[in-house]
Each structure stands twice: as structure tokens, then as C-alpha cells.
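Notes for the one structure printed next.
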Amino acid sequence: MSETNELTPAETRVWRAFPRGESVDFSAEDEDPALDEARCAERTVRASVLRTLLLKAPQEEGEIAALKVTGARITGVLDLKYATIDAAVQLNHCRFDSVPDLYGAKLRQLDLSNSVLPGLASATLRVEGVLRMTDCRMRGPVRLGGAQISGALFMERARFTALDDSEPVLQLNQATVGDDLWAPEIRAHGQVRLTGASVAGRINVQDGEFDNPGGIALDAQNLIVGAHIRARCVRTRGRVELRGSRISGRLDLLHAHLSHPGDTALRASSCVIGELWLRGGDRIEGALNLRRSHIEILTLEPEMLPEQVHLSNLRYTVLSPHEPAERRLPMLEQDGGQYEPHSYEQLMAAYRHVGDDDAARLVQLAKQRRRRTTLVWYGRLWGHVQDATVGYGFRPLRAAGWLLSLMAMGSIAYGLHHPRPVKAGEAPDFNPVFYTLDLLLPIVDFGQGSAFAPEGWYQWLSYVLIITGWILATTIVTGVTRTVSRQ
């Protein structure tokens, strides 16, 4: 090509260094404040020269060719579409004036650390080693959808922006990473898309910022992660979408700030997660959706919970930190006003898992009270009776208190005014205590209730004692039966 016959001095340096894998560093020239435009032009390299070099340059025997350039200004489009490049490519601290086109390319290694690019077109890219974008400044969409990276993907402190929001600023949908995705302190102003991506190792976005107010900040539906996601101190404005994801290790959101007011801030529904940590951060601004997910260990701090929490059909084995039931129950009442019995059963099982039976009973009592609000009027009335008398069977001592109070009242009343015997001369000696017990306990017969017949208001008192006794007996049996069936 004509470029190889008319190389500039800068391009000649790169051309000669490539076969031996030597580095060419133009960055030292930038440190001289007295440089004029002519001297700055000495570090300019045409993208077409780099393309020819990578595709057609001769190799030197006994040497490993590599493109290692630092501090260059690269003009034109670096077009490596569908190319197979055997040499490592390192373009560090470089400035591109056009978007490189690496669609469908196959590279051994690609390092763009500290470079500034107007975007990157690299969908279905294949990298046999690692892909580095550490400290990069991307000022347009980075398209890595369907990319296959055998090693790790490094994006520490990378910045992703775009002139408009017509597409995500970083696209890794359906991408495959054979090792870690390492991106602490990443900054993304626009949507980041990881839908259907697979990362064999860890994802680290600690101290990262994902900013897309009013939209989806991080779209990671159906994401598969072989280890952990470390997202401590992450800050998001916009929805974090994890629906259908599979995270073998933990999703670490300690000290995170999640904000999407008026909508869902975090949706991790239909997920399978080893551990989810939501603790130590600010209160979530927006709804939290964990519906239908399966989480082995759920670390959920009540102070982080928003006004809307959706937990229907959520399954977890351990709930930490251990909190009194009174602090956990409000989150079950924040699911849009709907009654979700499974949520109460799951919380009760978590308390029983750690041996806190008292808290488990409080949860069951709260469940019955919540269910009562869904019944017709007579069902609610009967529920209030069960609650007031024996606490739906979970507070049996309350029934004993009622019985003792009623027995004392009846014993005093009938002790002061003995009812007349039904058959004079055949009735046993009257005992006000056992007479009252005969009225109160429907399955007990001391021979007093049938032998005497009260009159006047004492007769009405006997009716009240009989009815109350039946109610207490029924509620006690119902409550005990329910409690035994839960064991």
C-alpha cells in the first residue's frame, strides 16, 4: 500500500519496532511545554498504517512481533473488521480521532489502557488473552455485545459517556468472559448492558457509579456469574435490573446507594443467588423487588429497606442480621398492600432455623391478623374473637386468664345467690366453683350444672358463661391444631 512507501518518522519508528515486539513511547514528548504544532504532529500515526502493519508486516525469525505504542495520536479509522491478528496489540495513552472497527476480529491480546476514544465498535470480538481498558475515556458507545474474552476484562477507573442516550454507553450483552470482570471505580453516564453475559470468575465494580436517571442504569438480566459480584459503595441513579440472573457466590451491596425514585431501584426477581448483602448503605430510593428468587443467605438491614418491598415467593434459608420479629414484620406489609402468606411462612421458617421460636410465633400471629383483613365481615368478627381470647392459639396463657376471670366472677355471683335445685331432695350439695366450671367447660361434668336452675339475671349469666366457654374451647382447639400442624 502507498502508506508503507510514505511513512512519517513516527510511523517508521512503529514499523521498525513491531517485528521485534519493542515499545515505542511518544508520551515523553508531551511533557515539553514548548512543543509547537509541528512537533506534536511527530507523534501522529495513521490508523491505516497500523492496519497494514498488523495484517501484512514481515516477521523476524526468532522474534515475537507485537504492536506496543504509547502516547500516539491515531488518525482515521482503525479497521480490523473480521481480521485475525496473531500479535499482541497495546495502544496505551493514545488518542483516537475515529471509532476503531473491530467487529468480528480475533486478537491475541488487546490493551487500550489510559487511551481516549470516541467509541469502540467491537461486537463479536474474540480475544484469546485479556482485554484491558483501564483508565480509558470512552466518549461514545462501546459495543462489545457477543464478545468472547478467554482471559479477564479490566476496566478499572474507566469512563463511559455518549453524546446522546440512543443506545447504552457500554454493551456487553451476550458477552463471555473466561476470568474476572475487573472494573472498580468505573463511571458510566448512560446505560450499561450486561444482559445474557457470562463471567466465569468475579465481577468487581466497587466504588463504581452508574448514572442514568429515569431509565435503566445497569441492565444485567440473565447474567451468569461463577463467583461473586463485589459492588460495595456503588452508587446508581436509575434501575439496577438483575431479573433471572444466576450468581453462584454473593452479591455484595454493602454501603451501596441505590436510587430510582418513583420506580424500582433494584429488581433481582427470579434470581438464584448464593448470598445477597444489603447492609450499611443509605435507604434505597425506589422499590426493592426480590420476587420468586432463591437466596441461600439473605443479609438485609431494615434501615436500608424502602417504602415498597416485593417479596412474594422469595425463598431464603438464613436471614441476617438476627433482628426481633417486630423489626422484620413491616417489610411484609410493604408489598403494595397485598396479602402474601408465603412471605410470612418464609420469615417464620428463618426464625425457626436459628431456634427463635418466640419470634416465629409472633410472625404467625401477624400472618393471621393480616389474613383477617381479607375476609368478609363475619370472618373478621370471628378472627377478632380468636385474637382477643387466645391470640389465634399462639397465646394460650391468655385463654387461661379468661377462664380464671370468668370462673371467679361466676363463683362469687353464685356463691352469694345459690340457684334453686331442679329436684329438691335429690340435688347434691351446691358448690359455686364447680357449678361455674360445669357452665364454662363443655366437655366436663361435675354434676352441678344439670342439678340447679338459676333464675332472673343469674340465668342470663349462665348463658353468657356457656357461650363464652364454647368460644374459648373452640378457639383453643383451633389454635392448638394450627400450631401442631406447623411443627
Side-chain angles (χ1 to χ4, degrees), residues 1-32 35 38-117 120-122 124-136 144 147-154 178-179:
M1 295 180 63
S2 60
E3 288 86 351
T4 62
N5 299 323
E6 301 176 359
L7 297 178
T8 65
E11 293 167 348
T12 300
R13 290 175 59 186
V14 175
W15 193 276
R16 291 175 178 174
F18 174 78
R20 297 185 296 274
E22 295 176 351
S23 298
V24 179
D25 190 353
F26 297 103
S27 60
E29 300 175 11
D30 290 336
E31 298 175 2
D32 186 354
L35 288 176
R39 291 289 303 277
C40 288
E42 293 179 1
R43 63 186 181 91
T44 300
V45 178
R46 287 169 292 172
S48 58
V49 172
L50 297 181
R51 180 181 188 276
T52 302
L53 183 64
L54 290 169
L55 295 178
K56 298 182 179 180
Q59 306 291 311
E60 289 192 14
E61 186 176 353
E63 300 291 344
I64 300 176
L67 179 61
K68 300 180 180 179
V69 179
T70 301
R73 178 174 176 262
I74 301 174
T75 60
V77 177
L78 179 57
D79 185 359
L80 296 175
K81 185 164 51 180
Y82 301 117
T84 298
I85 309 299
D86 293 327
V89 179
Q90 297 180 18
L91 299 171
N92 305 144
H93 293 275
C94 292
R95 183 177 292 271
F96 293 74
D97 67 0
S98 299
V99 177
D101 189 353
L102 307 180
Y103 184 91
K106 184 177 180 181
L107 305 178
R108 182 179 300 276
Q109 179 178 324
L110 179 60
D111 186 351
L112 299 172
S113 297
N114 294 283
S115 293
V116 179
L117 297 91
L120 184 62
S122 51
T124 69
L125 171 72
R126 293 189 180 186
V127 181
E128 295 180 1
V130 300
L131 172 57
R132 292 185 182 274
M133 293 190 289
T134 301
D135 289 302
C136 273
L144 281 164
Q148 297 182 31
I149 303 168
S150 299
L153 172 57
F154 294 96
D179 201 334

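No hydrogens, no waters, no symmetry mates; every other heavy atom, side chains included, goes into these values.
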Value for CZ (Arg51) from CG (Asp101), rounded to nearest 0.5 Å, stands at 10.0 Å

Flag the pair Gln90 / Gln109 as yes when at least one side-chain heavy-atom distance between them is below 4.5 Å, and no otherwise. yes

| query | Taking the side chain from Asp111 and the backbone from Asn92, do they hold a donor-acceptor pair closer than 3.5 Å? | reply | no

* Any side-chain heavy atom of Val99 within less than 4.5 Å of one from Leu117? -> no

Residues Arg46 and Glu11 bridged, charged N to O under 4.0 Å = yes

In short, Val24 meets Val14 closest at the heavy-atom pair CG2-CA, 4.0 Å

* Is there a side-chain contact between Trp15 and Thr52 (heavy atoms, below 4.5 Å)? -> yes

Could you tell me whether a side-chain N or O of Thr70 sits under 3.5 Å from a main-chain N or O of Asp25, the two making a donor and an acceptor? no

Here the gap from Met133 atom CE to Asp135 atom CG, rounded to the nearest 0.5 Å, amounts to 12.0 Å

Review point. Under the 3.5 angstrom rule, does the side chain of Ser48 hit a backbone N or O of Leu78 as a donor-acceptor pair?
Key: no

Minimal heavy-atom distance between Ala65 and Ala87, with the atoms involved, is O-CB, 3.5 Å

Is Arg20 atom CZ crowded by more than 12 heavy atoms from other residues, nucleotides or ligands, each under 6.0 Å away?
yes

Is the side chain of Arg108 donor-acceptor paired with the backbone N or O of Asp86 at a distance under 3.5 Å, no angle test? yes

On a heavy-atom basis, the closest approach of Glu128 and Ser150 is O-CB, 3.1 Å

Correct closest heavy-atom pair for Ser115 and His93 would be OG-N, 3.4 Å

Q) Is there side-chain contact between Leu153 and Val130, with at least one heavy-atom pair below 4.5 Å? A) no

For Ala105 and Leu80, the nearest pair of non-hydrogen atoms, with its separation, is CB-O, 3.3 Å

Exercise. If you count the non-hydrogen atoms of other residues, nucleotides and ligands that lie under 6.0 Å from CG in Leu55, is the total more than 12?
Worked result: yes

Rounded to the nearest 0.5 Å, the CZ atom of Phe154 sits from the CZ atom of Arg132 at a distance of 4.5 Å

Handout entry: Student check: side-chain heavy atoms of Phe26 and Val69 closer than 4.5 Å
Key = yes

Is there a side-chain contact between Val49 and Leu7 in this structure, where contact means two heavy atoms from C-beta onward sitting under 4.5 Å apart? yes

request  = Kindly indicate, with the supporting measurements, whether the criterion side chain to side chain contact (heavy atoms under 4.5 Å, CB included) is fulfilled by Leu131 and Leu144.
outcome  = CA-CA 11 Å; Leu131 172 57; Leu144 281 164; 4.1 Å; yes

In sequence, state the C-alpha distance, the side-chain angles, and the governing distance for Leu102 and Asp79, and then conclude on side chain to side chain contact (heavy atoms under 4.5 Å, CB included). CA-CA 7 Å; Leu102 307 180; Asp79 185 359; over 6 Å; no

Distance col, row Thr124:OG1 vs Lys106:NZ, nearest 0.5 angstrom, shows 12.5 Å

Check whether Arg43 reaches the backbone of Gly71 with its side chain - one donor and one acceptor, N or O, closer than 3.5 Å.
yes

Does the side chain of Cys136 reach to within under 4.5 Å of the side chain of Leu112, using non-hydrogen atoms? yes

(message) Is there a side-chain contact between Ile74 and Leu91 in this structure, where contact means two heavy atoms from C-beta onward sitting under 4.5 Å apart?
(response) yes

Distance col, row Phe96:CZ vs Leu120:CG, nearest 0.5 angstrom, shows 8.5 Å

